Novice: 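The structure is given below, and queries will be raised subsequently.
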Amino acid sequence: MNIVIAGSGKLGTMLTQRLAAEGHNITIIDQDLNVTAELIEEYDIMALEGNCASMQILREAGIAEADLLIVTTGSDELNLLCCMTAHAMNRNLHTIARIRTPEYMESTYAMRKPLALSLTVNPERHAAREISRLLKYPGFIKREKFANGLIEIVGVKITENSPIKGKALHEMPKVAHCQVIVCTVLRGGKTITPDGTFVFEEGDVIYVTASAENLNTLLKNLGLIKRKIKNVIIAGGGRICYYLTKVLDSDNFNIKIIEKDAERCEELAEHFSNVTIIHGDASSMHVLEREGIEDCDALISMTGMDEQNAVISIYGSSLNIPKVITKLGRAEHVQIYDNLPVGSLVSPKELSCNTIVRYVRAMQNQVGSAITVHSIAEGKAEAIEFIVDENTKHCDEALKDITLKKEVLIASITHGRMIEFPNGDSTFHQGDRIVVVKSGNRPIHQLNDIFAG
Amino acid sequence: MNYKIMLKIHAWILLIESVLMVPPLIISMCMHESRNVFGFLLTIIITFALATIFGIISRDAKAKFYAREGFVCVGMAWIVMCLLGALPFFFSGTIPHYVDAFFETVSGFTTTGSSILNEVEHLGKGMLWWRSFSHWVGGMGVLVFFLAIIPVSGSGGFSLHILRAESTGPAVGKSTPKMRETAAALYIIYIGLTVLDFIFLLIGKMKVFDAACIAFGTAGTGGFTVLNTGFATYTPFAINVTTVFMLLFGVNFSIYFMLLFKRVWSAIKNEELICYVVIVLCSTLFFAINIYQKTAQTMHLNETIMHSAFQVGALITTTGYATADFAQWPAFSQAVALVLMMIGACAGSTGGGMKIARVMLLFKSLKRNAHKLNKPSEIRVVKFNRQKVSEQTIANVNAYLAAYVLLIVISFLIVSLDKANYSVTSNLSAVISTFNNIGPALDQIGPMSNFSGYSALSKIVFSVDMLFGRLEIFPILMLLLPHTYKKH
């Protein structure tokens with residue numbers, strides 16, 4: 001597909017990398033000549049320098065032949081103008097804009113037709129939702145929904161006291177007391193697709209498929225159950241904090257926000273009346289101690305600086321706070337942070353990137369294409385959901401008779417609302433939803449891509 | 001430096017080269033040229049074996065590839081390609097000295113067309129095919145061919161470094177987002193034009209073998225011919241066809257790309273193209289008037305214009321075919337010929353020389369700088385095709401000019417030490433001719449003569465100059481700099 005990406009910040013670059021790797025024709029537009037020069041050296045793409053809302057530049061970028069425009073510049077207004085201009089030049093164009101100003105959320109949704117928006121992404125709101133989901137089940141370091149929420153893939157870190165530490169994979173059902181499938185294991189920065197004899201070690205992060213109903217059982221039996229989270233300290237009162245507070249407020253949390261900027265504090269105080277807002281530097285140990293960090297149930301570090309967030313989270317972990325969440329602006333640093341005790345990592349950029357990649361894949365092929373895509377295990381593996389249709393090969397054959405590609409695993413099959421965790425005798429039929437987990441570099445676009453030969 | 005990935009690319013290039021030697025092998029077999037068959041067969045075996053060994057060593061190469069690797073890889077690949085491409089001449093005994101064979105092959109791949117052979121027909125059809133075909137391969141570049149056929153997924157940047165190092169002109173860019181498509185488009189246009197040329201020559205009743213070889217030489221803007229008499233005995237129709245096609249191959253290929261996508265207007269408004277056409281018309285007129293004054297009694301006006309146009313085409317595109325001995329022309333015409341050689345064809349074409357785009361940028365920046373002396377506070381930017389040219393590009397062009405002059409001077413001094421003791425005009429024009437990939441020079445090295453009188457050292461200097469010229473200096477220069485090989 002011909003895709004134009006306007007604005008090459010962190011999100012734009014991440015998208016360029018992901019979409020170029022999937023074989024799309026990418027043209028990027030950025031104001032900064034140095035940025036474009038650097039990107040064409042790194043990826044197989046075209047780059048233009050200029051204002052992305054200018055018709056001249058859009059014409060040069062080949063907007064007339066483009067299928068999709070993704071605008072991720074720093075300014076929401078420019079993003080909107082760019083989408084409208086481009087759509088006026090090509091009526092068949094799909095447009096995706098990043099809109100992050102909270103005040104625009106309602107208008108861009110209500111006016112998505114006149115504004116010519118196919119999809120808007122808001123990284124900060126994505127991140128806020130993700131954090132609230134993590135707070136509800138504090139034992140999991142990552143949660144992804146599939147099959148309309150029937151199934152989830154959750155990440156679990158194996159600690160010193162974990163009941164499955166030192167156990168082999170085939171003993172897992174006995175410990176968990178519910179049906180689960182371990183899709184992939186992250187050990188020392190590498191993904192492993194485990195077999196029955198695989199033995200879990202301390203420090204492994206395992207990604208487990210389970211039905212949404214069984215999440216509580218799983219938490220309890222893996223020794224991950226923790227007291228319900230009540231007191232939350234949020235370091236940094238940025239946009240994610242705004243959205244998060246909005247989501248959490250209704251669930252009766254005790255929220256305390258520590259923010260450096262006095263004006264921002266006042267703004268937040270104006271919006272949220274039953275939230276404690278502290279004016280102070282969250283990276284200062286003294287301030288954190290004064291605000292009762294030792295007694296809180298969850299610490300969320302999301303100041304504007306990744307380094308500061310890491311420091312705050314490491315301090316929080318050292319005090320044994322039950323749940324620590326760290327926001328990561330630069331997603332490529334995830335490997336460095338993962339070796340540090342920073343709790344769950346949330347990267348707003350990666351979440352938005354996943355949403356957009358999902359949209360692109362859905363556009364690319366209406367039949368047999370992925371309906372949900374989540375990158376898991378630090379982006380080294382992907383969990384992809386498909387619907388079985390009449391073109392799918394090997395329908396109604398037992399899984400033990402089908403050979404799958406290397407590094408591919410079927411994590412679950414859902415027939416209607418019936419969830420099946422596949423074994424050798426399982427089959428799939430037309431209309432079923434299948435969740436596939438793959439590691440390795442080769443992209444999988446269609447369900448048929450998972451079969452060997 | 002990532003040596004393994006470079007080795008891997010070399011493995012591919014050698015594999016391509018060994019495949020390219022199969023057609024001349026078959027021709028040699030059909031013509032029962034037993035020594036040529038031996039020469040090609042042995043070379044193919046050696047090249048293929050080397051490709052296999054390189055491939056095995058580099059099978060776990062990582063895809064880390066930066067500008068430095070791109071330049072060094074292209075420079076190295078060309079040298080290796082020429083070293084192996086010379087072997088058929090050497091093994092078959094048609095050119096007994098390896099240095100001579102190397103000179104001839106470099107001259108082929110760099111599309112120069114300079115020769116050390118007094119007569120070519122004794123080489124045999126297989127060798128003549130290989131000589132001319134090397135022009136065709138070298139014209140667009142074998143690494144661009146590699147980019148067109150090998151899927152280079154996941155390591156996007158490295159392809160651009162290769163394209164930049166191998167293609168001609170000051171600002172090389174892609175015409176499509178994907179390198180593979182750009183490279184494939186370039187080759188499709190290239191093959192299409194070559195086939196068209198071949199068909200026209202056939203219509204002109206040229207022999208099939210001659211037509212193919214002449215078409216290869218024209219397409220790559222090389223200049224090797226297959227007859228001892230060079231181009232002189234072909235019909236006026238063949239001469240006119242070749243004039244037109246030489247000029248077509250001297251045009252920036254992105255213009256054809258624009259025409260294919262119906263962006264006619266931006267193709268026609270291209271500043272470089274306009275300048276190219278003006279230079280061609282004016283110099284044809286100069287030649288015609290200047291020569292007609294002298295030869296009015298012996299030559300018809302039409303004939304004069306035909307030969308003038310052919311010679312302008314052959315010189316500005318740096319093809320170097322000759323229907324007339326321009327070394328015998330009046331002084332002014334010879335001077336114009338020398339200037340045309342140095343200007344060369346358009347950027348992004350198969351021609352050599354400094355490239356019209358570079359010369360235009362030099363003039364424009366000179367004008368700007370002169371104006372700056374007059375009014376220091378006035379700001380002016382250099383524009384090309386109605387777009388601002390970055391100061392970095394201008395600096396690169398200036399650096400190119402400096403390196404160009406310096407290398408020509410050094411080569412000239414070394415060649416002047418030669419025992420053969422040619423005239424100053426011969427030596428200087430020979431250096432300029434090889435550096436700009438033309439072929440024939442002036443005076444004693446004119447179109448009806450050749451380079452065989454020079455010593456081995458001079459021939460090596462000329463060979464290096466040809467490589468400098470074809471790869472536009474920096475890839476070869478990088479190879480010679482010690483700090484290229486330092487780790488950090």
Side-chain angles (χ1 to χ4, degrees), chain A residues 1-6 8 13-51 54 56-57 59-70 360 379-380 440-445, chain B residues 62-71 144 146-148 150-165 167 171-185 254 257-258 260-263 265-267 269 381 385-396:
Chain A
M1 259 187 349
N2 297 325
I3 302 175
V4 179
I5 300 175
S8 291
T13 307
M14 195 192 250
L15 279 168
T16 306
Q17 184 193 353
R18 291 270 297 269
L19 294 175
E22 296 202 357
H24 298 289
N25 294 332
I26 313 280
T27 306
I28 59 163
I29 306 173
D30 198 277
Q31 297 266 26
D32 189 340
L33 183 70
N34 297 324
V35 171
T36 55
E38 215 168 278
L39 281 173
I40 48 169
E41 303 239 322
E42 207 163 333
Y43 306 109
D44 194 7
I45 52 164
M46 264 231 286
L48 282 173
E49 176 214 356
N51 185 328
S54 126
Q56 174 61 30
I57 294 287
R59 216 174 286 134
E60 277 176 42
I63 205 75
E65 288 93 41
D67 302 295
L68 174 66
L69 169 75
I70 306 169
V360 172
K380 293 198 178 70
N441 292 328
R442 252 178 263 122
I444 287 183
H445 298 294
Chain B
K62 290 190 189 75
K64 284 237 164 87
F65 203 89
Y66 303 103
R68 182 170 70 165
E69 273 91 351
F71 278 115
V144 174
F146 159 77
L147 292 179
I150 310 298
V152 274
S153 59
S155 52
F158 98 74
S159 51
L160 190 69
H161 297 308
I162 288 184
L163 186 80
R164 278 208 191 123
S167 299
V172 176
K174 292 194 270 187
S175 316
T176 60
K178 278 210 200 112
M179 179 56 73
R180 203 178 170 190
E181 287 170 15
T182 301
S254 63
F257 192 84
M258 285 182 211
L260 276 182
F261 283 87
K262 302 200 177 91
R263 279 150 55 195
W265 193 235
S266 47
K269 277 202 305 185
V381 293
N385 279 333
R386 292 161 297 282
Q387 275 182 342
K388 186 186 162 229
V389 179
S390 74
E391 293 303 315
Q392 183 62 48
T393 309
I394 294 172
N396 289 347

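All values reported here derive from a predicted model rather than from experimental measurement. In what follows, every chain begins at residue 1, and chains take the letters A, B, ... in the order their sequences are listed.
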Novice: Who passes side chain to side chain contact (heavy atoms under 4.5 Å, CB included) against A/Q17, sequence neighbours left out?
Specialist: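 Only A/Y43 meet the side chain to side chain contact (heavy atoms under 4.5 Å, CB included) criterion with A/Q17.
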
Novice: Where the side chain of A/S54 meets the backbone of A/I57, is there a donor-acceptor pair that is under 3.5 Å apart?
Specialist: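 The answer is yes, because a donor-acceptor pair under 3.5 Å joins these two groups.
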
Novice: Checking side-chain polar atoms at under 3.5 Å, does B/S390 have a donor or acceptor matched by the opposite partner on B/T393?
Specialist: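 Distance-only check passes for B/S390 and B/T393.
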
Novice: Quick one: are A/V360 and A/H24 in side-chain contact, heavy atoms under 4.5 Å?
Specialist: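 A side-chain contact under 4.5 Å exists here.
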
Novice: Please walk me through it: do A/I70 and A/L15 pass side chain to side chain contact (heavy atoms under 4.5 Å, CB included)?
Specialist: CA-CA 9 Å; A/I70 306 169; A/L15 279 168; 3.7 Å; yes

Novice: For chain B, find its close neighbours in residues 25-35 of chain A: heavy-atom separation under 4.5 Å, sorted by number, or none.
Specialist: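 Listed by number, the contacting residues are A/N25, A/I26, A/T27.
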
Novice: Between B/K178 and A/A20, is there a donor-acceptor pair closer than 3.5 Å when you use the side chain of the first and the backbone of the second?
Specialist: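 It does not hold such a pair.
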
Novice: Where on B/Q387 is there a heavy atom nearer than 4.5 Å to chain A: the side chain, the backbone, both, or neither?
Specialist: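 When you check distances to chain A, only side chain atoms of B/Q387 fall under 4.5 Å.
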
